[in-house]
Amino acid sequence: MFKKVKENKKGFTLAELLIVVAIIAVLVAISIPIFSTQLNKAKWAVDEANARSIYAQLAADYLTDTTPTIEGATSGTAVSIAGGTTTIKIDSQEYKFQGKGTITITVGTGTTPAKVEIDESTFAGNNAKATFASAAKTSTEN
């Protein structure tokens with residue numbers, strides 16, 4: 001009278017699929033803050049390298065008594081790095097900063113040495129501060 005229907009047990013149940021989706025959602029929620037932190041650290045590393053390059057160029061200009069041309073910054077004044085891309089051009093070389101914070105560039109003149117300070121501690125953590133400064137020339141070096 002009644003025919004037995006063959007059950008087809010292929011595939012996953014809805015409950016199994018929901019569990020997999022929930023696990024993936026938890027993993028994504030954990031990884032996003034970690035990725036964001038690593039991205040900020042990478043931007044800081046690039047900005048620090050650019051600050052070091054600016055310092056090297058300013059120190060060379062200071063030691064050779066050359067006055068550099070700076071666009072995007074004034075000597076001794078902090079330049080705000082707003083988080084987009086801030087460009088500072090020294091002579092013909094462009095330096096791009098992508099973090100958030102300030103950079104202060106001091107051009108060396110006379111006995112005042114060249115100095116570059118960068119502070120992105122609010123953006124990339126407490127260790128995101130650096131100062132690059134040369135020693136002042138003595139009167140015999142001038």
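Hydrogens, waters and symmetry mates are skipped; everything else that's a heavy atom, side chains included, is used.
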Would you indicate whether the side-chain heavy atoms of [Y] and [X] approach each other to under 4.5 Å?
X	Y	result
Val116	Thr104	no
Trp44	Ile118	yes
Lys115	Thr131	yes

Check: Ile54 main-chain N/O paired with Gln57 side-chain donor or acceptor under 3.5 Å: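 It does not hold such a pair.
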Flag, side chain of Ser53 to backbone of Ala49, donor-acceptor distance under 3.5 Å: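 Present.
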Minimal non-hydrogen separation, [X] against [Y], with atom names:
X	Y	answer
Ile90	Tyr95	CB-CE1, 4.3 Å
Pro68	Asp91	CA-OD1, 3.6 Å
Ala59	Ala114	N-CB, 4.0 Å
Asn50	Lys96	ND2-O, 2.6 Å

Glu48: partners by side chain to side chain donor-acceptor pair (under 3.5 Å), with sequence neighbours left out: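 Partners of Glu48 by the side chain to side chain donor-acceptor pair (under 3.5 Å) criterion come out as none, since no residue qualifies.
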Give every donor-acceptor pair under 3.5 Å between a side-chain atom in residues 20-31 and any protein atom, sequence neighbours left out.
unit_1: Ser31; atom_1: OG; unit_2: Leu27; atom_2: O; d: 3.2
unit_1: Ser31; atom_1: OG; unit_2: Val28; atom_2: O; d: 3.1

Side chains of Gln98 and Asp47, donor plus acceptor under 3.5 Å: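 No, no side-chain donor-acceptor contact under 3.5 Å.
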Inter-residue atom distance Phe35.CZ - Asn40.CG, 0.5 Å rounding: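 Atom-to-atom, Phe35:CZ and Asn40:CG are 10.0 Å apart.
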Shared hydrophobic cluster for Ile88 and Val46 (ILVMFWY, side-chain gaps under 4.5 Å):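 Hydrophobic grouping puts Ile88 apart from Val46.
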